[in-house]
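Every chain is numbered from 1 and lettered A, B, ... according to where its sequence line falls, protein lines coming before strand lines. Both backbone and side-chain heavy atoms feed into the values below; hydrogens, waters and symmetry mates do not.
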Amino acid sequence: MMEQEKSKKIKELVGMANSLKWELGMGMHDSIVSSVYADAAQIARKTVTTEDSKPAFSLDRRIDKVVTSRWLGFPIMFILLAIVFWITIAGANYPSAMLATLLVDTLHPILKGAANSVMPWWLSGVLVDGAYLSMAWVISVMLPPMAIFFPLFTLLEDLGYLPRVAFNMDSLFRKAGAHGKQALTMSMGFGCNAAGVIAARVIDSPRERLIAIITNNFSLCNGRWPTQILIATIFIGAVVPPFWAGLVSTAAVVGIAVLGIVFSLIVSWGLSRSVLKGEASTFSLELPPYRPPRIFQTLYTSLIDRTLFVLWRAVVFAIPAGVVIWLVSNITIGGVSLAEHFINWSDPFAVIFGLNGVILLAYIIAIPANEIVIPTILMLTVLVTGMHEVGAGSGVMFELDSLSGTEGILRAGGWTLLTGVNLMLFSLLHNPCSTTIYTIYKETNSVKWTAISTFLPIVMGFIVCFITAQLWYLFV
Amino acid sequence: MENPLFTLLMGTGIIILLALIFWPGKGLLARRGKVRLSSKRVLLEDTLKYLFDCEYKGISCSLNSAAGNLNISADRMAKLMSQLKEMGLVEFEGSDIRLTDLGNSYALRVIRVHRIWERFLADETGVKQMNWHEEADIQEHQVSPEEADRIAARMGNPAFDPHGDPIPTREGKIPPFSGRPLSSLEEGEVGRIIHIEDEPNYIFEQLSAQGIYPGMQVYLLDKKEGRITFAANGNECVLTPLFASAITVKPLPREEPIQEGYQRLSELAPGETADIVGISSYCMGLQRRRLMDFGIVPGNKITAELQSASGDPVGYRILGTVIAIRKDQASLIFINTENEKLKEYERSA
Amino acid sequence: MSVQPNCESCPVHLKGNLKRLGIDMEKVDYVVALAGNPNTGKSTVFNNLTGLRQHTGNWPGKTVGRAEGVFGYNDERYKVVDLPGTYSLLSTSTDEEVARNFILFGRPDVTVIVADATRLERNLNLVLQILEITDRAILCLNMMDEAKRNHVNIDIRSLSRELGIPVIPTSARRRSGMTELVDMISQVASGKYVCKPHKVRSRSPQIKHAIDNLSKKLMDAFPGLPNADWVALRLLEGDQSIIEAMQNGSLGELVPVENEVQ
């Protein structure tokens, strides 16, 4: 009885609220909000006094006038971002090499020796050559650039400069149907796509946030820069006289990155006019006052929050990938490894796209991390060409210190300038790494959007590679 | 190796074919997904809706007017009516047609879904205003009442649709019809638009193109030969009787402020300050709430402070914080620069 | 409200709701909620209180997960829950829902509202909304150093009188004012300091009337409900979580035990 009476009362309450809403009309919410502000204004009038001598935040205003000015706004932005990238790439080289020496060149043989004495060869292969090595590779390639990039980026963020970038860039992104803050998630994506996808939280409009998430993969991430630089140096630098080689190959890499930005804008535009047409769109952006960042706190937190978080996810995904890589190169059917079966079978298709079977397989098994694509390609090329004098055996990824050595292997694998160009294009336009895919799923909570973000770039990659290759065959 | 030209053509063909199949919204796959409605049920429900509307507004309705409204022949309508009678949804009283209680609650259910869906489209999607009604007309026959309840709950159980019509409750309650046609206002009287008829659609489109929306205050200036001249949001509008009849207003007491002659925030030059007068009722849903959260409410002061490097958006200082607002949004915010100009004048004098 | 050292009705004993909100109440004496606008230095205050290093960017919506930390003072342990930074509690965004529902249903022993002293009027908007929900609140007036630099003077005592809650000026970046804040938290939590929070007065007569009618009816259905006016306001706004809370009984749990009618 009590229960029934209660639920009747609740029904009455809800009904009463509804009739009152009808009486109050459409402006009810506005009126409720306004009344709070009115009280706030009254209290503020009674308690706050401002000395009129000097307008508040005059320094802020002066800085803002410069960084958002018509002539200086964009140059300042590009110079700052260029400095950040330069410090990242230049600064990461040395620690990356050191980590590789330690983890791959020194620790790996020791572990391998120790493992061989206590377990069968196949188990030590799976664990040490597969799992350990891929983890070592991911850490040594990924950790240094991220440990430099993220703190620098966080410093700019804490300073209050990044919202101004979004403010300046908004009109460009508005034309593509996106939010100015996408400029930030995009820049963040140059460090790591997974971090860029997480950063899209700052966009509070659901539609614009989805656009930023889906297109983040078009930002060339840290894991792909080394691939681009290596291939550009070997194949593109080689077409011009040695004096120009450095400049031309750098231009090629920058060109790929810019192409990524262009694709990201085009896809944003397309998405906002097709699949995302019906999604709600709101725009809001606060320009907070500038505040001096606290350097040590920033260093500490950006290392913990972003770098280690992303690295941890990458390592978790890289370990099973290493196992798979080792297994496909060592399990044989009729004396030929699974990897070779796949490569031989897929090669004719791959050629249509100006790629080869090795590249396709490398991208399939290296979904977890772009960092291991080049070592995997080298290992597989050696495997199929039968060059037993280089590398460390089937299923053991490796990289060579000398460029000419790497070039030798690739040329022996049948690589041409076209293969190089298309690998660079494909490295830009393919599915996101599994860390990013997982992060997209976590952030959007939707299989549909995760699938679109995964398959859209790879379909585009195949189309672009196909057209490039066929035009190449036609004219060259 | 095949001839590259041939491959290129083949490839392009395949891409086009795939695009035709998978293109979102228009591709074969998407088309196949769209369920075809049972047209009979749609007609029955539309008839009920029409009958309800007549009773709600106190207009008597006949077989012929119903047929005209649904755009079908009188014969067909007669068949539909007899079917509705068999189902116990309507009853005849001479030439008058009335809804039974069952028919009434059925009609209210359909209307509830329709209006919730319109509210949903207005608040939570980017669907254009002129497509709301059309879209809701399709959804009202497909969306289940439970689904509509869930959507309504998420949006804070709204009481009105974006045209200003009350949304019936789950239990089928709806407030009595209130409001008068715009033409009933006297010269100098003030009213708030509470409803704009969304059928036929072209009238609604035309009115919204002129910037006339529910929730807006109007001030009747002149009534001559059926032509009605009124001021709304600072603009003067002249309407022919046909258009004026689509507008329902609720008269307001004179002491409420009249919104007329206001400038828009987008017209504020950098460095200038103004008082905020209000946000256009065209700005709805999350967009409106966000603006108000930032302090865009009547009475607050706003200063255009900073233009972005590309000119749009503009940073406005409001309650001590700089908020970037895009031009198209700023043009929906009404301001008044008179007070500030006066102060400026006093300061210089 | 009278002081009852070990009262069964004290919010800290409403463990059911807190547990439902994901708060582990093991070995904690009081729960402190931290609310505030974005960009007010809320996470710096949180870090100073708990010794943790939580980083949130210069953005609203950055803190999606909820941060928690613990500190001890005078042999008592306080759990601090960092709520998402929001401009308001009256909209429908997820952040606001989390903050709103935590303060209402979680009934923290103290809600510390962090406000930026250089932008007090803007911040008061949120402060006043929170005071509608809870009557155990402290205003932490942060960034006093910046306010001083920008020649903004705030009359702390009259602000405290107007709001009816303690106001503690701080500069969290320099760690100044934190001892006073902690001390005040313990005073309010233990009931030594009794707040008489400001309620919004400027509402239009029609809305006031509607709220009165609804809250009368609410008191009839849930006698002793502590913040019936706020619940009534939320009902007018059609807040589904309130409707559900009425149905599943968690609204009824907000009624202090001594007021419960058979």
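- Shown here for A:Asn168 and B:Ala309, the closest heavy-atom pair between the two residues is OD1-N, 2.9 Å.
- Residue contact with chain B, scored on non-hydrogen atoms closer than 4.5 Å, involves the backbone of A:Ser69 exclusively.
- Contacts of B:Thr321 with chain A are made by side-chain atoms alone, with heavy-atom separations under 4.5 Å and no backbone atom involved.
- When each of A:Ala469, A:Gly25, A:Gly73 is checked for heavy-atom pairs under 4.5 Å with chain B, A:Gly25 comes out on top.
- No part of B:Pro176 comes within reach of chain A, as not one of its non-hydrogen atoms sits under 4.5 angstrom from that chain.
- Across B:Phe160 and A:Lys21, no two heavy atoms sit closer than the pair CE1-O, 3.5 Å.
- Closest heavy-atom contact between A:Trp22 and B:Ala159: NE1-O, 3.0 Å.
- Ranked by heavy-atom pairs shorter than 4.5 Å toward chain B, the options A:Ile352, A:Leu72, A:Val67, A:Ile463 are led by A:Ile463.
- When all heavy atoms of A:Lys65 and B:Glu305 are compared, the closest pair comes out as NZ-O, 3.5 Å.
- Here the closest non-hydrogen pair linking B:Lys173 and A:Ser19 is NZ-OG, 4.3 Å.
- From B:Ser310, atom OG reaches atom CG of A:Leu172 across 8.0 Å, with rounding to the nearest 0.5 Å.
- Looking at A:Leu24, neither its backbone nor its side chain comes within 4.5 Å of chain B, counting heavy atoms on both sides.
- In this structure, B:Asp312 contributes its side chain and A:Ser171 its backbone to no donor-acceptor pair below 3.5 Å.
- Atom NZ of A:Lys9 is surrounded by more than 12 heavy atoms from other residues, nucleotides or ligands within 6.0 Å.
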For this session: Please report the C-alpha distance between B:Leu306 and A:Leu287 in whole Å, then the side-chain angles of each, then the deciding distance to 0.1 Å, and finally whether the side chain to side chain contact (heavy atoms under 4.5 Å, CB included) criterion is met.
Result: CA-CA 10 Å; B:Leu306 177 73; A:Leu287 302 176; 3.9 Å; yes

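- Contacts between B:Arg288 and chain A at a heavy-atom distance below 4.5 Å involve the side chain alone, from C-beta outward.
- No more than 12 heavy-atom neighbours from other residues, nucleotides or ligands sit within 6.0 angstrom of CH2 on A:Trp269.
- Of the residues considered (A:Val14, A:Asp64, A:Asp30, A:Val33), A:Asp30 shows the highest number of contacts with chain B, using heavy-atom pairs under 4.5 Å.
- For a residue to count as touching a neighbouring chain, one of its non-hydrogen atoms must lie under 4.5 Å from one of that chain's; by this rule B:Gln287 touches chain A with backbone and side chain alike.
- Minimum heavy-atom separation, B:Gly315 to A:Phe167: N-CZ, 3.5 Å.
- The candidate with the highest count of non-hydrogen atom pairs below 4.5 Å against chain A, out of B:Gly285, B:Pro313, B:Gly295, is B:Pro313.
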For this session: In sequence, state the C-alpha distance, the side-chain angles, and the governing distance for B:Asp328 and A:Arg174, and then conclude on salt bridge (Lys or Arg N to Asp or Glu O under 4.0 Å).
Result: CA-CA 11 Å; B:Asp328 47 0; A:Arg174 182 170 47 92; 5.4 Å; no

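- Judged by distance alone, the side chain of A:Tyr37 and the main-chain N or O of B:Met292 form a donor-acceptor pair under 3.5 Å.
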For this session: Verify side chain to side chain contact (heavy atoms under 4.5 Å, CB included) between A:Leu285 and B:Ile323, making sure each step is shown before the conclusion.
Result: CA-CA 6 Å; A:Leu285 176 62; B:Ile323 307 286; over 6 Å; no

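- Contact annotation for B:Leu18: neither backbone nor side-chain heavy atoms come within less than 4.5 Å of a heavy atom of chain A.
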For this session: In sequence, state the C-alpha distance, the side-chain angles, and the governing distance for A:Phe466 and B:Thr7, and then conclude on side chain to side chain contact (heavy atoms under 4.5 Å, CB included).
Result: CA-CA 9 Å; A:Phe466 171 78; B:Thr7 324; 4.0 Å; yes

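- With a 4.5 angstrom heavy-atom cutoff, B:Asp293 touches chain A only via backbone atoms.
- Looking at A:Lys11, only its side chain comes within 4.5 Å of chain B, counting heavy atoms on both sides.
- Of the atoms belonging to B:Leu8, heavy atoms from both backbone and side chain fall under 4.5 Å from chain A.
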Problem set entry | Verdict with supporting geometry, A:Arg61 and B:Arg317, side chain to side chain contact (heavy atoms under 4.5 Å, CB included) | CA-CA 11 Å; A:Arg61 286 176 204 214; B:Arg317 183 172 292 272; 3.3 Å; yes

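- Contacts between B:Arg326 and chain A at a heavy-atom distance below 4.5 Å involve backbone atoms as well as side-chain atoms.
- In this structure, chain A has no heavy atom under 4.5 Å from any part of B:Asp165.
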